[in-house]
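Letters A, B, ... are given to chains in the order of the sequence lines, protein chains preceding strands, and every chain is numbered from 1. We use all heavy atoms of the structure for the numbers below, so side chains are in, but hydrogens, waters and symmetry mates are not. What you see is a predicted model, and the numbers here were worked out from it, not measured in a lab.
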Amino acid sequence: MPNINYWLMKSEPAAYSIHNLQQQKQTIWDGVRNYQARNFLKQMQVGDLAFFYHSNTQPPGIVGLMKIVETGIADPTQFDPDSEYYDPKSTPESPRWQTVKVEFVEEFSQPILLSTLKEKFNGDELLVVKKGNRLSVIPVIESVAKSILVTNN
DNA sequence: GCCAACGTTGGC
DNA sequence: GCCAACGTTGGC
């Protein structure tokens with residue numbers, strides 16, 4: 001059994017929600033323009049699991065689970081002049097922004113709200129509960145991931 | 001709308 | 001390479 005890593009990936013549901021993913025089944029997670037978040041995307045491996053986090057919504061929280069199905073994808077929006085994520089300094093020969101393809105696994109019957117996460121975990125356990133953490137992609141340690149999964153079964 | 005916590009930019 | 005100014009994120 002290869003090691004499975006767990007991640008948390010944020011999206012504003014107004015831009016892209018868990019239901020959009022449920023309908024599409026798979027999507028390329030594009031638009032990440034933060035180097036630290038990108039480095040986490042680079043570390044992901046096929047088979048890893050990621051929590052889908054709805055941000056900038058009422059209430060914010062983890063709403064479901066997805067699986068990494070492809071890695072090392074050059075984010076196509078960086079080459080698209082019409083995209084808000086267009087990066088004129090990036091070239092197809094050496095793409096600056098790479099990402100992954102994710103697949104819908106499940107929507108949680110009950111979202112795990114940020115307020116609940118704050119009660120159960122501290123900032124070291126789950127970076128998203130640390131005040132001021134705005135990274136769109138962060139790692140989740142195994143014990144925390146297991147605990148979240150158990151909560152929803 | 002507020003504001004804390006960043007990240008980025010650019011002058012030096 | 002420093003750091004002030006500025007912009008953005010995102011919970012509240």
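Under 4.0 angstrom from either OP1 or OP2 of C:dT9 there lies no side-chain N or O belonging to A:Tyr53. An OP1 or OP2 oxygen of B:dA5 is reached within less than 4.0 angstrom by no side-chain nitrogen or oxygen of A:Lys131.
The two atoms that bring A:Lys120 and A:Ser147 nearest to each other are NZ-OG, 3.5 Å, heavy atoms only.
Residues passing the side-chain contact (heavy atoms from CB on, under 4.5 Å) test with A:Ser115, sequence neighbours excluded: A:Leu113.
Taking atom CG of residue A:Leu8 and atom P of nucleotide C:dG10, one finds them 11 Å apart after rounding to whole Å. Atom pair A:Ile138:CD1 and B:dG7:P shows a separation of 13 Å (rounding to whole Å applied). Distance, A:Tyr35 OH to B:dC6 P: 19 Å, rounded to whole Å. Taking atom CG on A:Leu135 and atom P on B:dG7, their separation rounds to 7 Å, with Å as the unit. Straight-line distance from the CG atom of A:Asp87 to the C1' atom of B:dT8: 13 Å, rounded to whole Å. The CG-P distance, from A:Asn56 to C:dG11, rounds to 6 Å in whole Å. Atom CD in A:Gln58 sits about 9 Å away from atom C1' in C:dC12, given to the nearest Å. The CG-P distance, from A:Asn39 to B:dG7, rounds to 12 Å in whole Å.
Ring centroids of A:Phe52 and A:Trp7 are separated by 6.0 Å or more, keeping the two rings apart.
Using a 4.0 Å heavy-atom distance criterion, A:Lys118 is classed as a sugar-phosphate-only contact.
Judged purely by atom type and a 3.5 angstrom limit, A:Lys42 has no side-chain atom pairing as donor or acceptor with the backbone of A:Gln98.
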